[in-house]
Amino acid sequence: MSKGMNPPNGVEKFSAENIEECENYVCLMQRKLDKAVANDDKRKIRWYTDLLINKSEAVRILAVHNVASNKGKYTAGVDGVRLLGPYIA
């Protein structure tokens with residue numbers, strides 16, 4: 001990691017307040033994954049996929065942010081059913 005990429009002391013690089021850094025990191029990793037797919041580099045494809053799916057805090061923060069900021073979160077989906085309370089089986 002270059003010196004310019006380090007966060008200030010006491011601030012996490014990937015946090016709920018720092019969505020732009022999360023977006024930049026995820027976009028960079030997706031570009032690297034796309035390049036690995038284009039080059040048919042199976043080792044790097046597996047590495048970047050595992051990194052994005054299983055290990056990245058930035059991906060989780062970004063996913064929660066996208067769902068929470070969705071303006072249509074209270075509208076019915078394609079099935080016409082809304083679930084606003086706890087799920088009862």
Side-chain angles (χ1 to χ4, degrees):
M1 184 183 287
S2 68
K3 189 172 185 174
M5 293 288 289
N6 292 334
N9 289 335
V11 177
E12 290 185 34
K13 180 176 175 99
F14 301 126
S15 63
E17 295 83 26
N18 204 353
I19 296 299
E20 189 174 338
E21 283 293 323
C22 293
E23 288 174 341
N24 291 339
Y25 174 78
V26 171
C27 186
L28 176 69
M29 290 300 115
Q30 287 175 336
R31 273 189 267 141
K32 288 183 178 187
L33 176 61
D34 186 49
K35 190 174 183 181
V37 169
N39 294 334
D40 198 33
D41 188 346
K42 295 188 185 340
R43 183 181 62 83
K44 285 187 178 179
I45 292 170
R46 186 177 181 126
W47 170 260
Y48 289 124
T49 302
D50 184 55
L51 185 70
L52 285 169
I53 292 174
N54 298 324
K55 298 178 181 168
S56 179
E57 181 86 14
V59 171
R60 290 187 186 119
I61 291 170
L62 197 56
V64 170
H65 172 75
N66 288 339
V67 170
S69 64
N70 182 4
K71 292 185 180 10
K73 63 183 173 183
Y74 295 115
T75 61
V78 294
D79 59 359
V81 176
R82 295 188 310 168
L83 181 63
L84 297 177
Y87 180 72
I88 301 171

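- Put simply, Val64 and Ile61 are part of two different groups of oily side chains (I, L, V, M, F, W, Y) that touch within less than 4.5 Å, one to the next.
- Pairs passing the side-chain hydrogen bond (donor to acceptor under 3.5 Å, both in side chains) check and including a residue from residues 27-41, sequence neighbours excluded, read Asp40-Lys42.
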Anything under 3.5 Å between a donor and an acceptor, one on a side chain of residues 44-52, the other on a protein residue two or more places apart or in another chain? List them.
from: Thr49; atom 1: OG1; to: Ile45; atom 2: O; distance (Å): 2.7
from: Asp50; atom 1: OD1; to: Asn54; atom 2: ND2; distance (Å): 2.5
from: Asp50; atom 1: OD2; to: Lys55; atom 2: NZ; distance (Å): 3.0

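- Rounded to the nearest 0.5 angstrom, Asn24 CG and Asn18 CG are separated by 9.0 Å.
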